[in-house]
Trainee: 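Got a structure for you, questions after.
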Amino acid sequence: MPAQAFEPIAIARDDVALDLSDAVEIYRDQGENFQVSTAPGADGIVRRIEVEAQGERSSGDWAVFALANTTDQQLDRLIVAPHFRLVDSGLWAPDLGSERIAAITPSEGFALDRQESADADEFLVTLNPGAVVTFVAELSSPRLPQVYLWDPGAYKDTVNAYTLYRGIVIGIAGLLALFLTILFVVKGTSMFPATAALAWAVLAYISIDFGFLAKVIEIAPGNEQIWRAGTEVALAATMVVFLFTYLNLNRWHDHFSYGAMAWMLILAIIAAFAIIDPSTAAGVARLSFAATAVAGVGLIVYLGMQGYDRAVMLVPSWAMVLVWIAGAWLAVTGGLENDIVQPALGGGLVLIVLLIGFTVMQHAFAGGQVFQGLFSDMERQALALTGAGDIVWDWDVPRDRVVTRPDISRQLGLAPQSLSGPARDWLPALHADDRDTFRTTLDVVLEHRRGRIAQSFRLRGADGHYHWFALRARPVIGSDGEVIRCVGTLVDVTEQKMAEERLLHDAVHDNLTGLPNRELFLGRLDAVTAIARQQDSVRPTVMVIDIDRFKQVNDELGISAGDTILLTIARRLHRLLKPHDALSRLSGDQFALLLSEQDPARIAAMADAVRQAISTPITFAKREIVLTASIGLISWTSAQGSAEEMVKDAELAMYQAKRFGGDRIEPFRPAFRSIGTDRLQIESDLRRAIERSELVLVYQPIVRLEDGSIAGFEALLRWEHPRRGTIAPADFIPVAESSGLISQLGLFAMHRAAEDLRGWQKQIGDVPLSVSVNLSSRQLLRRDLVSDVRSVIARSGLAARCFRLELTESLVMDNPEQSAHVLEKLKKLGIGLSLDDFGTGYSSLAYLTRFPFDTIKIDKSFVDDTSAKRTVLLKSMVGMAHELGLAVVAEGVSEEDDAAQLREMGCEFVQSFLFGQPVAAEAALKLLQERYPLAQA
């Protein structure tokens, strides 16, 4: 039975080393002061002593043991507690070592001298003859794995012997790591750096285990566990890398690569975690090392059965790894308790790396051709198949037997070896279109006894789907000149064929909607018109459809919303098609429709159906979006030229529909072809008109309903063309906007209007007059608009309150945020702002309060309305304007009764031909002089 703490251990003079581990009694959580009864002394008296903690790292645990000198001489002994002991350290969350004993207090005699040592706690004790001394050890860690009592001389000899052994082992490991690193530099293949990394990891591990690293670099107290855990993680990680790299597992299957990457990622995380919890990290590393050894056994057996020579060559090394794993497991679990186990396991690791290095060096010096006769053919086949993804196709002609390696039947989901047999057995599995070509190709090779097979064909799988394969093979000619074999490769090219089909499809189809693009549509139209020239019953009709205001949808809702709307419209239009019709997406928001109808009534009905399909509200993000379309159509006649010209004519009709306001269907007329030419001529003439001062302003009075006095004028731009005469704004303003000339025209109108009004005021006196100038969209978006208006007012000397700008509701709502920002800056200049064509836009009235308008102009369509609700609507608009603090101008009043009714409703101003035609500046001055005679005096 083991001795108890209070039974002293008898020490003889010849005792060299005594294991006190079982004789030590541990007391847990006793605090900084500890009391204990001593072992009976030589006089038989049991005493009680109290010990106070002396070490800064005291754990509150105490160890007690007693020694008795049974000799008649004074004895000197060393009490030794090693910091780390692999034996019984544990597999999961192992004990990685630390300082064990902070101080030892004897019950009598001299205090113990602590000896300097980096690997153990050593205390020199002197025992008098016949003395019985109880020792109380203050513990620095919860565990005390081993305590020895050594004769100082014997302990020194033992340490020296182990130091020599450890030095030899470390030297061998260092030379081996250095040599493998040099080999990596010379050869450069992946297995050499992996082996070198394993060798360096083993060197680091044994350097820590043997205490050598602490002599090379300074390791702070308490960090030994982090270093030990780090080397164990490195050893586990490099073992995984070596096994993966040496066996070329990435060539056998991608799953091996994914598994190895995941494994290494886990170990990398564990390596970082070692700083926080070294014990857990070391436990994971030990389990990983064991798992790698077990996984290696499975891989070596599997690949060895496949004839892979590297796997066979690794068998001796891996057998040693398994033996080492078994010994290490017995050691850390306490099955082996010999003190030689720990250094022996370190030396065993070096032997394993030495054997692995010898195996790798055979590849280095023999070019990888080891065991060539037995395994090289199988290895080359495995590497070719895994590296290129090919299948070996082997046709034994005399026996008429086709064999594929690996079996292609499994890839197709068929019964194993179902395609291993006569070549004719392949015919039922081949696509019907490929059978004759396959049979003919084989027959030609057999007949001519030369050439090669290069054919792509389809094989049907168990699920009914076809897979594309490319066969590349050459015949092998026997001594009699006949073909005895055809050998080659079979490659699955299904994805490549599908990619080619997608490319062909995308080349002639729209990527978003999947509809035919312009080129394919023109090709189909060419084919139909060719038939139409031969058959009178065929008369195709082409419609070109453009979505009105689609750019605004993209600007407000985003491109993704626009794409969704286009997809919805494409589906709606596709549902209208008949079997012989065709639909295409020509460009952004333009579609083309090819109809096979000849009856004009049915064509008109189809066009109306297209219009209705597009105008049906589309719900997106809880909003209803209502769109309209401009449709141009043309029916084929014998006078028509190519399909390209026919589509262009339909586009001209569509553009004409847009000019008329959109949301309409416009058949093509030959006169449309001259519109584009006229437009270019107008643009050219307009540029010269600005230089030649052909542009003039006319002024239409704005009259107060209360007393019939003139409140101001609206300046209207006119173009006096030298050949064409007066050109209406509706004809040249759109051209100016599209060509960028509108900014120059607008600036000209503002300058001339301000100067004319200032000139009138000088003639008639300071009367309350204003002049209004219309603003275009391009002007509103210009950054220097505010500066231009400020410059106009300053140069003319006109009071800011007398100058006004008019904007339409649709213009403001094109970009409400930008408009509000610009209008606020204009308002700060002191000018007036009028909202023109009020009520004709499509915006919410809630926006009206966001803009700094002071006047609204009611569109004439409301004044001319003859319905019963006209009065209610006008009264509501006037009342709403007044509630918002806005003045009201009614446009297009043609009857005195209407003017009287508006006056009763509270409308302040009116502007129409009834109250004054647009007149030149001179006529406007005369009109003012007649109305304000007193002001002139």
Trainee: How far does CH2 of Trp468 sit from CZ of Arg458, to the nearest 0.5 angstrom?
Mentor: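 Separation between the atoms: 4.0 Å.
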Trainee: Does the pair Phe862 and Leu873 meet the rule for a side-chain contact (heavy atoms from CB on, under 4.5 Å), with working shown?
Mentor: CA-CA 8 Å; Phe862 295 100; Leu873 185 59; 3.4 Å; yes
Trainee: Is the closest side-chain heavy-atom distance between His465 and Arg460 below 4.5 Å?
Mentor: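 No; the side chains remain at least 4.5 Å from each other.
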Trainee: With side chains defined as the heavy atoms from C-beta onward, is the minimum distance between Val610 and Leu576 less than 4.5 Å?
Mentor: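 Yes. Closest side-chain heavy atoms under 4.5 Å.
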Trainee: With the threshold set at 4.0 Å, does a side-chain nitrogen-carboxylate oxygen contact exist between Glu666 and Arg664?
Mentor: yes
Trainee: Answer yes or no: is there a donor N or O on one side and an acceptor on the other, between the side chain of Asp581 and the main chain of Lys578, under 3.5 Å?
Mentor: yes
Trainee: Please give me the minimum heavy-atom distance between Tyr466 and Ala429, naming the atom from each residue.
Mentor: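 Minimum heavy-atom contact is CE2-O, 4.2 Å.
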Trainee: Parallel, tilted or perpendicular for Phe438 and Phe457, by the 30°/60° rule?
Mentor: perpendicular
Trainee: Are Gln455 and Asp434 close enough that a side-chain donor and a side-chain acceptor fall under 3.5 Å?
Mentor: no
Trainee: If you apply the rule side-chain hydrogen bond (donor to acceptor under 3.5 Å, both in side chains), what do you find for Asp548 with Ser630, and how did you get there?
Mentor: CA-CA 7 Å; Asp548 299 329; Ser630 298; 2.7 Å; yes
Trainee: Treating Arg518 as the side-chain partner and Leu586 as the backbone partner, does any N or O pair qualify as donor plus acceptor under 3.5 Å?
Mentor: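 Between the backbone of Leu586 and the side chain of Arg518 there is no qualifying donor-acceptor contact (under 3.5 Å).
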Trainee: Among pairs that include at least one residue of residues 600-620, which meet side-chain hydrogen bond (donor to acceptor under 3.5 Å, both in side chains), considering only residues two or more places apart or in two chains?
Mentor: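 Qualifying pairs, neighbours excluded: Arg611-Asp663.
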Trainee: Assess the residue pair Leu459 and Leu430 against the criterion (side-chain contact (heavy atoms from CB on, under 4.5 Å)); give the C-alpha distance rounded to whole Å, side-chain angles, the decisive distance to 0.1 Å, and a yes or no.
Mentor: CA-CA 5 Å; Leu459 289 174; Leu430 285 166; 3.6 Å; yes
Trainee: Taking side chain as C-beta onward, heavy atoms only, is Trp393 less than 4.5 Å from Thr489?
Mentor: no
Trainee: Please answer whether the main-chain N or O of Asp836 pairs with a side-chain N or O of Thr808 as donor and acceptor at a distance below 3.5 Å.
Mentor: no
Trainee: Is there a donor-acceptor pair closer than 3.5 Å between any side-chain N or O of Arg472 and the backbone N or O of Gly488?
Mentor: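 No, because the side chain of Arg472 does not come within donor-acceptor range (under 3.5 Å) of the backbone of Gly488.
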Trainee: Keeping Asp407 on the side-chain end and Gln417 on the backbone end, is there a donor-acceptor pair under 3.5 Å?
Mentor: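 Yes, because the side chain of Asp407 sits within donor-acceptor range (under 3.5 Å) of the backbone of Gln417.
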Trainee: Give a yes or no on whether a salt bridge exists between Glu891 and Lys860, defined as a side-chain N under 4.0 angstrom from a carboxylate O.
Mentor: no
Trainee: With sequence neighbours excluded, tell me which residues meet ring-ring contact (aromatic ring centres under 6.0 Å, His included) with Trp395.
Mentor: none
Trainee: Are Phe521 and Leu583 packed together at the side-chain level, in the sense that at least one heavy-atom pair is separated by less than 4.5 angstrom?
Mentor: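 No; the side chains remain at least 4.5 Å from each other.
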Trainee: Quick one, Thr494 with Met498, criterion side-chain contact (heavy atoms from CB on, under 4.5 Å). Give me CA distance, side-chain angles, the key distance, then yes/no.
Mentor: CA-CA 6 Å; Thr494 305; Met498 292 178 65; 4.0 Å; yes
Trainee: If every non-hydrogen atom of Glu624 is compared with every non-hydrogen atom of Pro617, which pair is closest and at what distance?
Mentor: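 So the minimum-distance heavy-atom pair works out to OE1-CB, 4.0 Å.
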Trainee: Please confirm whether the backbone N or O of Val863 pairs with a side-chain atom of Arg870, one donor and one acceptor, at under 3.5 Å?
Mentor: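 It does hold such a pair.
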Trainee: Tell me, do Arg585 and Phe591 make a side-chain contact under 4.5 Å, heavy atoms counted?
Mentor: yes
Trainee: In plain terms, say whether Arg524 and Glu519 are close enough for a salt bridge, that is, a side-chain N and a carboxylate O under 4.0 Å apart.
Mentor: no
Trainee: Quick one: pull up OG1 in Thr529 and CD in Glu645 and give me the separation to the nearest 0.5 Å.
Mentor: 11.0 Å
Trainee: Output the distance between atom OG (Ser819) and atom CG (Leu807), rounded to the nearest 0.5 Å.
Mentor: 7.5 Å
Trainee: Quick one: does Ser418's side chain have a donor or acceptor within less than 3.5 Å of a partner on Leu414's backbone?
Mentor: no
Trainee: Let's go through Gln411 and Ile391 carefully: what are the C-alpha distance in whole Å and the side-chain angles of both, what is the deciding distance for side-chain contact (heavy atoms from CB on, under 4.5 Å) to 0.1 Å, and is it a yes or a no?
Mentor: CA-CA 11 Å; Gln411 184 173 336; Ile391 299 170; 3.4 Å; yes
Trainee: Among Leu577, Val542, Thr541, exactly one meets side-chain contact (heavy atoms from CB on, under 4.5 Å) together with Leu593. Which residue is that?
Mentor: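 Only match with Leu593 under side-chain contact (heavy atoms from CB on, under 4.5 Å): Leu577.
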Trainee: With a 4.5 Å cut-off on side-chain heavy atoms, are Gln590 and Met654 touching?
Mentor: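 Counting from C-beta outward, Met654 and Gln590 do come under 4.5 Å.
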Trainee: Would you find a donor on one side and an acceptor on the other, under 3.5 Å apart, between the side chain of Ser409 and the backbone of Leu419?
Mentor: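 Yes, the answer is positive, given that a donor and an acceptor are paired below the 3.5 Å cut-off.
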Trainee: So, the side chain of Ser584 versus the backbone of Asn517: is there a donor-acceptor pair under 3.5 Å, distance only?
Mentor: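 Here the side-chain-to-backbone pair exists.
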Trainee: How long is the span from the OG1 atom in Thr568 to the CD1 atom in Ile614, to the nearest 0.5 Å?
Mentor: 12.0 Å
Trainee: Let me confirm one number: the CG-CD distance from Asp649 to Glu644, rounded to the nearest 0.5 Å.
Mentor: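 CD of Glu644 is found 10.5 Å from CG of Asp649.
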Trainee: Would you mind reporting whether Ser876 and Val878 have side-chain heavy atoms less than 4.5 Å apart?
Mentor: no
Trainee: So Ile634 and Leu652, do their side chains get closer than 4.5 Å, heavy atoms only?
Mentor: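 A side-chain contact under 4.5 Å is absent here.
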Trainee: When rounded to the nearest 0.5 angstrom, what distance separates CG in Leu567 from CD1 in Ile569?
Mentor: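 These two atoms lie 9.5 Å from each other.
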Trainee: Ignoring hydrogens and geometry, is there a side-chain-to-backbone donor-acceptor pair from Ser912 to Ser894 under 3.5 Å?
Mentor: no
